[in-house]
Protein chains: 2
Amino acid sequence: MGADRTDVLGAAQRLLNRDPGASMSAIADAAGVSRATLHRHVDSRDALLVELGTRSLDQWERRLDGVAVEEVAATGDAAAIRAVLEALVLGYVDDADDHGFALTDHVILANAELIERTQRLADREAVLFAAAQEAGVLRTDLPLRWFGHTIYGQLVAGREAVRLGDVARRDVAHLVLSTLLAGVTSP
Amino acid sequence: MGADRTDVLGAAQRLLNRDPGASMSAIADAAGVSRATLHRHVDSRDALLVELGTRSLDQWERRLDGVAVEEVAATGDAAAIRAVLEALVLGYVDDADDHGFALTDHVILANAELIERTQRLADREAVLFAAAQEAGVLRTDLPLRWFGHTIYGQLVAGREAVRLGDVARRDVAHLVLSTLLAGVTSP
DNA sequence: CTCATTTGAGACATGTATGTCGCAACATTG
DNA sequence: CAATGTTGCGACATACATGTCTCAAATGAG
């Protein structure tokens, strides 16, 4: 019956995804564990949130590593860059399903270390965006910093659309990617 | 020295925009009013949030009324529909500046009445989107319900971009609109 | 089986925000 | 000036989540 530390964190993540204000007691319940045991795993609620935030940044970093952003950016190959961009976004949509609440949680968004690390990851991403602009993949009339934010916004949109049942989960990835790349107007 | 009820709500709105978790005491301070007086204006913190949520929906509704969505939708005139779409989004961007925190606040997002009213306003908007699809302005391969969500996502993105100083306030409206309509890829 | 470890349950102290109240200072109006 | 109403201040009780602790039960390894 050993609830692994990972299991507990996972359960916490899932619950907080549904109810971002859940108490430690509620989280313990959701993890099938007593409040005391939860505290044996994690020092405080804030520490828990920060850890989950870190996890989501880990995942983000894993995505960047997985597609070898820097290398692809260095090639300057338009097709490759475009493929990587799409793969990244699709990956993010998947991740947002699990780590979604971290996108808007106040504690996480206010933590200095996490902010700093977010900045670094955004910088890595920006390298790809710059190369994409250079290669004629992305519009050059948009500021580099904006791309990351739009993607973020679309992730929030997709998450909310699914949450409210307006869009089927399996359709989200396509909708987000397609809207992001081509916009909503008729060609 | 009369701090009007409207003034107090406005101050609360501004503070909560910066710090969504602000306490009643902090809100009172920000409004230049004692905690007791704040409570003379509003029954509880939740009631305050709900009221601010209502305000933001009021503003949304005002926008819809202002451009006469239904009438324009009924004409089926592509140019007019497109103009109204743009005007709406630009208006929303402006509003998000003030009511922004309501976009992601848990209490507000969980309130039954507000959810219901949001639904009704989204329905009104959907009429315009449908007409826009019909008139060849909006893509027909995207589900009706999705348009509202993407717009919402872009608003969140713009808000965050400004908050982090990545984008100048005066540029947001154009970025949001342009990205929304045409996407991020080079034509 | 026995011992060591882990867990759950509950009690406990603490801290903090909330909402209420009374009173004194103040201004506003007549 | 007098009367009325509003405000700030501080006290108060309350509620609730948090984090710690203890002890008994369960688990698992040897």
Side-chain angles (χ1 to χ4, degrees), chain A residues 1-56 100-102 104-114, chain B residues 1-56 100-102 104-114:
Chain A
M1 193 122 329
D4 198 342
R5 174 187 176 82
T6 309
D7 298 334
V8 173
L9 288 178
Q13 206 169 42
R14 278 186 294 279
L15 175 60
L16 288 169
N17 246 335
R18 278 179 293 128
D19 175 14
S23 71
M24 288 297 267
S25 166
I27 294 172
D29 284 355
V33 127
S34 79
R35 208 159 59 88
T37 304
L38 175 57
H39 270 103
R40 283 177 191 117
H41 283 303
V42 87
D43 281 347
S44 70
R45 189 177 194 278
D46 276 20
L48 170 61
L49 289 175
V50 170
E51 184 147 355
L52 292 180
T54 302
R55 270 179 139 216
S56 95
F101 84 98
T104 54
D105 184 274
H106 312 330
V107 178
I108 293 178
L109 257 46
N111 181 277
E113 286 188 28
L114 294 182
Chain B
M1 195 124 328
D4 199 342
R5 175 188 175 83
T6 309
D7 298 334
V8 173
L9 289 177
Q13 204 168 42
R14 280 185 294 278
L15 175 60
L16 288 169
N17 246 336
R18 278 180 294 127
D19 175 13
S23 71
M24 289 297 268
S25 166
I27 294 172
D29 284 355
V33 127
S34 80
R35 206 160 59 86
T37 305
L38 175 57
H39 274 292
R40 283 177 190 121
H41 283 302
V42 86
D43 281 346
S44 70
R45 189 176 193 278
D46 276 19
L48 170 61
L49 289 175
V50 169
E51 183 147 357
L52 292 181
T54 302
R55 270 178 138 216
S56 95
F101 84 98
T104 54
D105 184 274
H106 313 329
V107 178
I108 292 178
L109 257 46
N111 181 277
E113 286 188 28
L114 294 183

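Just so we're on the same page: letters track the sequence lines, and every chain starts at 1.
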In whole angstrom, what separates [X]'s [atom1] from [N]'s [atom2]?
{"X": "B:H39", "N": "D:dT6", "atom1": "NE2", "atom2": "C1'", "value": "17 Å"}
{"X": "A:D46", "N": "C:dG15", "atom1": "CG", "atom2": "C1'", "value": "14 Å"}
{"X": "A:I27", "N": "C:dG8", "atom1": "CD1", "atom2": "C1'", "value": "18 Å"}
{"X": "A:L38", "N": "C:dT7", "atom1": "CG", "atom2": "P", "value": "12 Å"}
{"X": "B:H41", "N": "C:dG19", "atom1": "NE2", "atom2": "P", "value": "15 Å"}
{"X": "B:D7", "N": "D:dT7", "atom1": "CG", "atom2": "C1'", "value": "15 Å"}
{"X": "A:M24", "N": "D:dT20", "atom1": "CE", "atom2": "C1'", "value": "13 Å"}
{"X": "A:D29", "N": "C:dG8", "atom1": "CG", "atom2": "P", "value": "11 Å"}

Exercise. Taking atom CG of B:D19 as the centre, does the number of heavy atoms from other residues, nucleotides or ligands within less than 6.0 Å exceed 12?
Worked result: yes
Quick one: is [N] close enough that its OP1 or OP2 comes under 4.0 Å of any side-chain N or O from [X]?
{"X": "B:T37", "N": "D:dG8", "value": "yes"}
{"X": "A:S23", "N": "D:dA17", "value": "no"}
{"X": "B:S44", "N": "C:dG19", "value": "yes"}

Exercise. Would you say the base of D:dG8 and the side-chain of B:R40 have a donor-acceptor pair closer than 3.5 Å?
Worked result: yes
Is there a side-chain contact between [X] and [Y] in this structure, where contact means two heavy atoms from C-beta onward sitting under 4.5 Å apart?
{"X": "B:H41", "Y": "B:L9", "answer": "no"}
{"X": "A:F101", "Y": "A:L15", "answer": "no"}
{"X": "A:T54", "Y": "A:E113", "answer": "no"}
{"X": "A:R40", "Y": "A:V8", "answer": "no"}

For this session: Nearest-nucleotide wise, let me know which of A:D43 and B:S34 is further upstream toward the 5' end of DNA chain D.
Result: B:S34
Seminar exercise, completed: Checking C:dG8, D:dT7, D:dG19 against the side chain of A:V33 (C-beta onward), the nearest is C:dG8
Exercise. Looking at D:dG19, C:dG8, D:dC9, which one has an atom nearest to any side-chain atom of B:A36?
Worked result: D:dC9
For this session: Just call it for B:R45: base, sugar-phosphate, or nothing, with non-hydrogen atoms closer than 4.0 Å on any strand.
Result: sugar-phosphate
For this session: Look at all strands and tell whether B:R35 reaches a base, only sugar-phosphate, or nothing, counting heavy atoms closer than 4.0 Å.
Result: base
